Trainee: 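Once you've had a glance at the structure underneath, I'll fire off some questions.
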Amino acid sequence: MMSLLVSVLVVGVLTCGAWADVITIDGYDTDWGSPDTSHNDPDEVEVTLQGYDIDWTYAQWDDVNNRVAFMMQTIAPCSQAYAADFIEFLINADESGATGGSWHGSVGADYMIYWEFDGDEYTAYNPTSASHAPSFHYWNSGTNNWSAVAGLGANDLVIAWGDNGGVPGYSIVEVTLNPTLIGMPGKFTWGTYLHNGDESADDRSPDTMDQRGYTPEPTTLALLPLGLAGLAAWRRRTK
């Protein structure tokens, strides 16, 4: 019995340990030191407004808050000087190009996080915010367009931007999402798109929207507390 409990505990620790990170949505990237995946986006020639050129993208599973987290980093600080700026995080939950929509030159987008890039720096916004609220959409095959998901709670979607106090010389946008909104797919692909309002220097990364992202399987999430509870019960009985 003890060996079984230890096995369950060890498996839970090893499996969950791969995601042992907490992401705080605050406009600082100090908690992004060990992302699950990252992508270096090239300095594209057509992007002349460097603050709107995506430099890196990151994905991370926050195993304490049970959230999927994404971050986009620009080459230079964003001034938000352009009208109608916005950012999108696009998710292909089933990794299929046959389902979902074709968006910004990529196929298979099933879900989209949308935010008008005009909120205050270092301020977290959610769907219940009085202003600058982000929205979450699914691809509606009936209308061949996006449909907004209503009734989201404050913890379902949180987003913020910042430039880390101005020291590194770039800006970031980071977001966390309730994974049940995309069906807890285990693994998926995603990408982000940064729009410059009336300017032409938009950017997306990766260009094929195929960066890997992960959510743990529901059974994996249950292993660690099960092992700990079983071990505690065994210790009580031995005493």
Side-chain angles (χ1 to χ4, degrees), residues 21-32 35 51-52 54 56-74 77-91 93 101 103-104 109-140 145-166 170-184 188 190-199 202-205 213 215:
D21 292 277
V22 178
I23 300 298
T24 302
I25 303 302
D26 56 6
Y28 292 87
D29 65 0
T30 52
D31 47 0
W32 284 90
Y52 287 83
I54 298 171
W56 284 86
T57 54
Y58 304 86
Q60 178 66 51
W61 171 254
D62 180 338
D63 69 332
V64 173
N65 298 300
N66 294 328
R67 291 292 182 268
V68 178
F70 307 103
M71 185 179 75
M72 177 276 298
Q73 174 185 316
T74 61
C78 287
S79 64
Q80 295 181 299
Y82 305 98
D85 298 351
F86 65 82
I87 187 167
E88 296 170 340
F89 291 86
L90 299 158
I91 301 167
W103 206 246
H104 305 309
D110 301 304
Y111 301 100
M112 176 181 68
I113 299 166
Y114 177 89
W115 188 48
E116 293 185 2
F117 192 12
D118 55 2
D120 295 328
E121 200 170 12
Y122 312 123
T123 302
Y125 297 95
N126 64 70
T128 67
S129 298
S131 62
H132 312 303
S135 57
F136 183 72
H137 305 253
Y138 70 94
W139 184 260
N140 189 329
N145 210 330
W146 295 106
S147 292
V149 176
L152 296 180
N155 292 325
D156 283 329
L157 175 60
V158 184
I159 195 166
W161 84 281
D163 63 3
N164 297 281
Y170 57 80
S171 294
I172 68 167
V173 177
E174 55 180 351
V175 58
T176 60
L177 178 70
N178 180 348
T180 63
L181 292 171
I182 61 174
M184 290 289 290
F188 57 90
W190 70 283
T192 187
Y193 176 79
L194 181 60
H195 182 73
N196 293 338
D198 298 329
E199 301 294 326
D202 302 331
D203 197 13
R204 67 181 186 271
S205 175
T215 67

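Numbering starts at 1 and runs along the sequence shown. No experiment lies behind these values; they were computed from the predicted model shown.
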Trainee: Between atom CZ of F188 and atom CD1 of I182, what is the distance when rounded to the nearest 0.5 Å?
Mentor: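 With rounding to 0.5 Å, CZ (F188) is 4.5 Å from CD1 (I182).
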Trainee: Could you report the tightest heavy-atom contact between A109 and W139, atom names first, then the distance?
Mentor: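 Heavy atoms only, the tightest pair is O-CB, 3.5 Å.
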Trainee: Test V158 against R67 for side-chain contact (heavy atoms from CB on, under 4.5 Å), laying out the working first.
Mentor: CA-CA 10 Å; V158 184; R67 291 292 182 268; over 6 Å; no
Trainee: Pick from I23, I25, I172: which one makes a side chain to side chain contact (heavy atoms under 4.5 Å, CB included) with M71?
Mentor: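 That would be I172.
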Trainee: If you define the side chain from C-beta out and look only at heavy atoms, does anything of T192 sit under 4.5 Å from I54?
Mentor: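 Counting from C-beta outward, T192 and I54 do come under 4.5 Å.
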Trainee: Between the main-chain N or O of N140 and the side-chain N or O of S147, is there a donor-acceptor pair closer than 3.5 Å?
Mentor: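 Not a single qualifying donor-acceptor pair exists.
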Trainee: Determine yes or no for a side-chain-to-main-chain donor-acceptor pair under 3.5 angstrom, with E116 supplying the side chain and A84 the backbone.
Mentor: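 No, E116 side chain to A84 backbone: no donor-acceptor pair under 3.5 Å.
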Trainee: When rounded to the nearest 0.5 angstrom, what distance separates CG in D118 from CG in D85?
Mentor: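 Answer rounded to 0.5 Å: 8.0 Å.
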Trainee: Using every non-hydrogen atom in the two residues, find where N65 and D62 come nearest and quote the distance to one decimal.
Mentor: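 Here N65 and D62 meet closest at ND2-OD2, 2.8 Å.
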Trainee: Is it true that a side-chain atom of T74 and a backbone atom of S171 form a donor plus acceptor pair closer than 3.5 Å?
Mentor: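 Present.
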Trainee: Between Y122 and N164, what is the shortest heavy-atom contact and its length?
Mentor: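 Closest heavy-atom pair between Y122 and N164: OH-N, 3.7 Å.
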Trainee: Check for a donor-acceptor pair, side chain of W190 on one end and backbone N or O of F89 on the other, with a separation under 3.5 Å.
Mentor: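 Here the side-chain-to-backbone pair does not exist.
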Trainee: Can you tell me how far the CG atom of D156 sits from the OG1 atom of T176, to the nearest 0.5 Å?
Mentor: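 These two atoms lie 9.5 Å from each other.
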Trainee: Judged by modelled atom types alone, do Q73 and W32 share a side-chain donor-acceptor pair under 3.5 Å?
Mentor: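 Side chains of Q73 and W32: no pair found under 3.5 Å.
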Trainee: Which heavy atom in P127 sits nearest to a heavy atom in G153, and how many Å separate them?
Mentor: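 Of all heavy-atom pairs spanning P127 and G153, the closest is CD-O, 3.7 Å.
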Trainee: Which pairs pass side chain to side chain donor-acceptor pair (under 3.5 Å) with one or both residues in residues 22-31, sequence neighbours excluded?
Mentor: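 Pairs touching residues 22-31 that pass the test: D29-Y170.
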Trainee: Using atom types as modelled and distance alone, determine if a side-chain donor or acceptor of D110 lies under 3.5 Å from a backbone N or O of A93.
Mentor: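 Judged by distance alone, yes, a pair lies under 3.5 Å.
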Trainee: Might you work through the side-chain contact (heavy atoms from CB on, under 4.5 Å) test for L157 and L181, ending with a clear yes or no?
Mentor: CA-CA 10 Å; L157 175 60; L181 292 171; 5.6 Å; no
Trainee: Can you tell which of W115, Y114, F86, Y82 makes a ring pair (Phe, Tyr, Trp, His ring centres under 6.0 Å) with H195?
Mentor: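 It is F86, the one option of W115, Y114, F86, Y82 that forms the ring pair (Phe, Tyr, Trp, His ring centres under 6.0 Å) with H195.
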Trainee: Taking all non-hydrogen atoms of both residues, which atom of F70 and which atom of A59 are closest, and how far apart?
Mentor: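 Scanning both residues completely, I find the closest heavy atoms to be CD2-CB, 4.4 Å.
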Trainee: Check step by step if side-chain contact (heavy atoms from CB on, under 4.5 Å) holds for W146 and Y138.
Mentor: CA-CA 6 Å; W146 295 106; Y138 70 94; 5.5 Å; no
Trainee: Rounded to the nearest 0.5 Å, what separates atom CG in L177 from atom CD1 in I113?
Mentor: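 Output value for this atom pair is 4.5 Å.
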Trainee: Is it true that Y52 and D203 share a donor-acceptor pair across their side chains at a distance under 3.5 Å?
Mentor: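 No donor-acceptor contact under 3.5 Å links the two side chains.
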Trainee: Once you round to the nearest 0.5 Å, how far does CZ of R204 lie from CG of L90?
Mentor: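 R204 atom CZ to L90 atom CG measures 10.5 Å (nearest 0.5 Å).
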Trainee: Start with the C-alpha gap between V68 and W61, add the side-chain angles, then the distance that decides, and say whether side-chain contact (heavy atoms from CB on, under 4.5 Å) holds.
Mentor: CA-CA 5 Å; V68 178; W61 171 254; 3.8 Å; yes
Trainee: To the nearest 0.5 Å, tell me how far T57 OG1 sits from M72 CE.
Mentor: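 Nearest 0.5 Å value for the OG1-CE distance: 9.5 Å.
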Trainee: Would a 4.5 Å heavy-atom cut-off, applied to side chains only, mark Y193 and D202 as touching?
Mentor: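 Counting from C-beta outward, Y193 and D202 do come under 4.5 Å.
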Trainee: Determine whether a donor-acceptor pair (N or O, by modelled atom type, separation under 3.5 Å) exists between the side chain of E121 and the backbone of G27.
Mentor: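 It does not hold such a pair.
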